[in-house]
**Q** 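Next up is a structure, given as structure tokens.
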Amino acid sequence: MSESVADQPQAAMAECSLVMKGGITSGVVYPQAVTELAARYRFRRIGGSSAGAIAAVLAAAAEYHRGRTSTRPDPGRTEPTGLSAPSVPAPSDSWDPDAIGFERLRRLPYHLQTQLPLLFTPSAVTRGAFGFLTAWIEPEWSKAKRIGVSLGRLVRWGWLPFGVVTLLALVPAFLSSTALVRGLRPETWWPVIGATLLWLPLALLGGLLAAALVLGRRAWRTINRNGMGMVNGHLADDSDALTDWLAREINLTAGRGTSDPPLTFGDLWGSTATAEFLKAFTRGDGAQARFNHRASSIAWAKLDPDLDLRVMTTCLTHRLPYSFPFFDDTYLFCPSCLADYFPSGVVRTMTERSRDAVDSGEAWEPPGCPQHGTALRRLPFAPHIPVVVAARLSLSFPVLISAVPLYFQDFFKRRDHAASVPVVTAWFSDGGITSNFPMQFFDAWLPNRPTFGINLADFEADYDDQAVTLPVATKRARLVETPIHGALSLLKTIFHTMQDWPDRLQMDSPGFKDRIATVRTADGEGGLHLAMKPETIAALSAKGALAGQKLRDDFDFELHRWLRFRIAMNGLSLALARFGTNLPDFEANVPEPWARPTYQFRASREARVRQDGRDLAALAAAWEADGWPANRDQPPRPEPVLRFGPGSH
């Protein structure tokens with residue numbers, strides 16, 4: 001039995017951060033894992049990618065509800081009694097639509113046992129293409145049945161080109177056989193029919209090819225018009241499609257009504273952090289408000305929201321990963337475009353909280369949307385963005401789930417006339433394309449709370465590993481084997497290597513591996529299996545509960561912090577050694593004071609910063625004379641290093 005959230009007051013609970021990996025329907029493992037952790041920990045930072053982003057926003061909503069009810073209880077509402085639930089779903093446990101917070105999240109897998117296929121309801125224009133996809137991802141169907149169902153749907157939906165081409169292909173056979181028997185007479189009918197039928201297989205093949213070409217071209221056009229995907233997630237505010245369902249589920253989990261304003265990042269951050277953000281990181285008021293790009297990274301690090309939520313998304317137009325919410329003024333949105341992807345309440349909130357100013361503070365004439373001509377709007381500041389927008393930008397799985405269009409003005413492009421700045425569509429798709437397991441979220445050299453991770457992987461029958469594993473901090477991680485059986489699997493492995501190698505390096509490193517529970521899924525579990533059986537969903541959910549229990553009960557935070565300290569000291573030793581070695585050459589060739597009109601650094605501060613650099617070099621010399629702190633004992637293996645890289649707030 002798991003501990004109950006009600007067993008201890010919130011103020012006495014330890015804090016943690018949590019990051020969850022993407023995996024489409026494999027995300028059903030997360031609700032039970034989150035609620036097991038929630039019995040002992042209060043979540044302060046939650047993040048994920050793709051399906052992990054859906055779990056992250058729902059977990060954030062549940063934590064928001066717990067924080068609200070623990071400090072401001074509503075005497076007129078009966079709250080759930082806790083999370084005392086067996087790890088393996090019990091037959092008597094069922095979906096309770098009136099549950100709130102973590103109790104609602106815990107029961108979510110039971111709801112998904114019947115509702116999961118409805119989340120992936122295709123758009124009206126892409127139902128045909130989606131039908132072919134589902135024929136090939138049904139977990140219980142044999143290959144022969146998949147082929148038969150696909151051909152049947154091809155004939156049913158493309159009956160006209162199939163029939164016409166099939167008949168036309170039989171005409172030459174009929175005419176030639178008629179000529180051979182010198183005309184149709186009662187005694188020549190059957191020979192002619194028999195000879196014609198010999199050509200029937202080829203005629204049917206031609207008909208199938210014609211139907212495939214016509215339907216393929218039609219599907220290609222409709223998918224492109226639908227954000228390059230079959231499922232855009234929005235059909236109507238009250239539908240069971242993915243985004244409509246998620247928007248309602250977030251509000252209900254947070255203790256709000258479905259008609260209430262959507263939960264925003266500012267709601268999660270709390271009033272103090274939101275006010276600090278608007279004070280320190282924005283300039284101007286109302287329509288003239290704009291983002292303060294001069295805010296320092298140190299100031300960002302000190303911003304301490306009650307609950308931080310971040311997800312990964314990928315801008316395919318720029319070929320770059322992004323952490324969401326954005327903290328700049330780059331992107332615009334079209335209310336008409338968003339209405340194709342989100343319920344009306346979300347679009348209304350985005351439009352009402354949008355901004356109409358540029359960094360210069362000058363009056364801004366909003367450009368028109370390239371698709372609709374509607375005036376584009378600037379994204380709201382981060383605290384005012386609904387969290388469902390974050391989840392949707394992160395889970396746009398290519399071709400299956402539509403990409404989401406945002407826009408930006410390219411001031412460097414050649415203009416048609418002086419007043420026009422070209423508008424470019426920025427397509428945002430699955431965060432898992434670039435970082436499917438963003439364990440870098442919320443990390444610190446010396447953490448004051450654990451950052452747990454839940455990883456998803458394929459089951460490997462040749463190893464003794466259990467379905468859920470949590471590596472020992474002091475033992476070396478085993479290498480992951482990916483069998484390669486031919487050219488096709490080689491190409492598949494190349495793709496996954498390009499996608500996952502940064503995440504893989506982290507997962508096997510000291511200070512990372514001991515806080516990442518891996519859930520191994522078997523054939524037919526998760527992934528693209530959109531119509532899993534209830535018992536399969538229940539089994540996946542039970543694995544998630546076990547992952548949460550292992551992180552909750554087996555993780556050694558004291559050992560973890562000691563390892564992170566050793567890793568930090570090792571990285572600092574290497575960095576200081578290189579800095580101290582190169583500083584004399586820098587000072588000899590870059591005279592002091594150094595300042596240029598085009599650079600914002602003030603010459604008056606140069607002397608102080610130069611002295612700080614000399615102090616660091618002196619520290620490096622002292623550490624070297626003392627034998628380097630990190631070298632007094634064996635450093636962690638593989639030996640981590642600190643690297644400079646582009647950062648994002």
**Q** Measure across Pro447 and Arg561 and return the closest heavy-atom pair with its distance rounded to 0.1 Å.
**A**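 Taking Pro447 first and Arg561 second, the nearest heavy atoms are O-NE, 2.9 Å.
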**Q** State, with a plain yes or no, whether a side-chain heavy atom of Tyr341 is found less than 4.5 Å away from one of Pro405.
**A**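 Yes - at least one pair of side-chain heavy atoms lies under 4.5 Å apart.
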**Q** Working to the nearest 0.5 angstrom, can you tell me the gap between Thr349 OG1 and Leu338 CG?
**A** 11.5 Å
**Q** Between Ser394 and Ser49, is there a donor-acceptor pair closer than 3.5 Å when you use the side chain of the first and the backbone of the second?
**A**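 No, because the side chain of Ser394 does not come within donor-acceptor range (under 3.5 Å) of the backbone of Ser49.
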**Q** Classify the ring geometry between Phe408 and His318 as parallel (under 30°), tilted (30 to 60°) or perpendicular (over 60°).
**A** tilted
**Q** Is Val388 close to Val57 at the side-chain level, that is, under 4.5 Å between some pair of heavy atoms?
**A**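 Val57 does not reach Val388 side chain to side chain.
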**Q** Do you know the tightest heavy-atom contact between Arg44 and Pro305?
**A** NH2-O, 3.0 Å
**Q** Using side-chain contact (heavy atoms from CB on, under 4.5 Å), reason through Thr264 and Trp269 one step at a time and then give a plain yes or no.
**A** CA-CA 9 Å; Thr264 65; Trp269 290 5; over 6 Å; no
**Q** Compare all side-chain heavy atoms of Pro398 with those of Leu316 and state whether any distance is below 4.5 angstrom.
**A** no
**Q** For a salt bridge (charged side-chain N to carboxylate O under 4.0 Å, His left out) check, start with the C-alpha distance between Arg45 and Asp304, then their side-chain angles and the critical distance, and finish with the verdict.
**A** CA-CA 10 Å; Arg45 309 285 184 264; Asp304 188 28; 2.6 Å; yes
**Q** Would you check, one step at a time, whether the test side-chain contact (heavy atoms from CB on, under 4.5 Å) holds for Glu249 with Arg104?
**A** CA-CA 9 Å; Glu249 195 64 29; Arg104 186 178 185 88; 2.6 Å; yes
**Q** Is there a side-chain contact between Arg256 and Asp267 in this structure, where contact means two heavy atoms from C-beta onward sitting under 4.5 Å apart?
**A** yes
**Q** Would a distance-only check, ignoring hydrogens and angles, find a side-chain to backbone donor-acceptor pair under 3.5 Å from Ser17 to Arg449?
**A**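 It does not hold such a pair.
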**Q** Measuring from atom CZ of Phe277 to atom OG1 of Thr274, what distance do you get when rounded to the nearest 0.5 angstrom?
**A** 9.0 Å
**Q** Aromatic ring centroids of Tyr331 and Phe428 under 6.0 Å?
**A** yes
**Q** Mind checking whether Arg66 and Glu63 have side chains closer than 4.5 Å, heavy atoms only?
**A** yes
**Q** CG of Leu470 to CD1 of Ile454: how many Å apart, nearest 0.5 Å?
**A**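 The CD1 atom of Ile454 is 10.5 Å from CG of Leu470, to the nearest 0.5 Å.
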**Q** Just list the side-chain donor-acceptor pairs under 3.5 Å for residues 436-443, sequence neighbours left out, or say none.
**A**
from   : atom 1 : to     : atom 2 : distance (Å)
Asn436 : ND2    : Gly22  : O      : 3.3
Asp443 : OD1    : Arg515 : NH2    : 3.2
Asp443 : OD2    : Arg515 : NH2    : 3.2

**Q** Which pair of non-hydrogen atoms, one from Phe43 and one from Leu18, has the smallest distance, and what is that distance?
**A** CE2-CD2, 3.9 Å
**Q** For a quick check under 3.5 Å, do Arg106 and Thr35 share a side-chain donor-acceptor pair by atom type?
**A**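 No, Thr35 and Arg106 have no side-chain donor paired with an acceptor closer than 3.5 Å.
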**Q** Could you tell me which non-hydrogen atom of Ala61 sits nearest to which non-hydrogen atom of Ile250, and how far apart they are?
**A** CB-O, 3.6 Å
**Q** Out of curiosity, Phe512 CZ to Arg564 CZ, how far, rounded to the nearest 0.5 Å?
**A**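 Separation between the atoms: 5.0 Å.
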**Q** Before giving the answer on side-chain contact (heavy atoms from CB on, under 4.5 Å), spell out for Arg392 and Thr313 the whole-Å C-alpha distance, their side-chain angles and the decisive distance to 0.1 Å.
**A** CA-CA 9 Å; Arg392 183 61 183 83; Thr313 183; over 6 Å; no
**Q** Report yes or no: does Asp237 contribute a side-chain atom to a donor-acceptor pair with the main-chain N or O of Ser344 at less than 3.5 Å?
**A** yes
**Q** Can you tell whether the side chains of Glu276 and Lys279 come within less than 4.0 Å, N to carboxylate O?
**A** no
**Q** Report yes or no: do Thr258 and Asn251 form a side-chain donor-acceptor pair below 3.5 Å?
**A**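 Side chains of Thr258 and Asn251: no pair found under 3.5 Å.
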**Q** What heavy-atom pair brings Pro109 and Ser541 nearest, and what distance separates the two atoms?
**A**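 Smallest interatomic distance, heavy atoms only, reads CG-OG, 3.4 Å.
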**Q** Compare every heavy atom of Leu395 with every heavy atom of Ile401, then report the nearest pair and how far apart it is.
**A** CD1-O, 3.4 Å
**Q** Quick one: pull up CG in Asp306 and CZ in Arg42 and give me the separation to the nearest 0.5 Å.
**A**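 Here the interatomic distance stands at 6.0 Å.
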**Q** Is there a side-chain contact (heavy atoms from CB on, under 4.5 Å) between Ile385 and Phe324? Walk through the geometry before answering.
**A** CA-CA 10 Å; Ile385 296 177; Phe324 193 89; 4.0 Å; yes
**Q** For the pair Tyr41 (side chain) and Glu36 (backbone), establish whether a donor and an acceptor sit closer than 3.5 Å, ignoring hydrogens and angles.
**A** no
**Q** Counting N and O atoms only, with roles assigned by atom type, does the side chain of Lys21 sit under 3.5 Å from a partner on the main chain of Leu456, one being a donor and the other an acceptor?
**A**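 Such a contact is found between Lys21 side chain and Leu456 backbone.
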**Q** Say whether, by atom type as modelled, one donor and one acceptor occur between the side chain of Ser50 and the main chain of Gly432 under 3.5 angstrom.
**A**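 Looks like no, no N/O pair under 3.5 Å.
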**Q** Supply the atom-to-atom distance Ile567 CD1 to Trp445 CH2, rounded to the nearest 0.5 angstrom.
**A** 12.0 Å
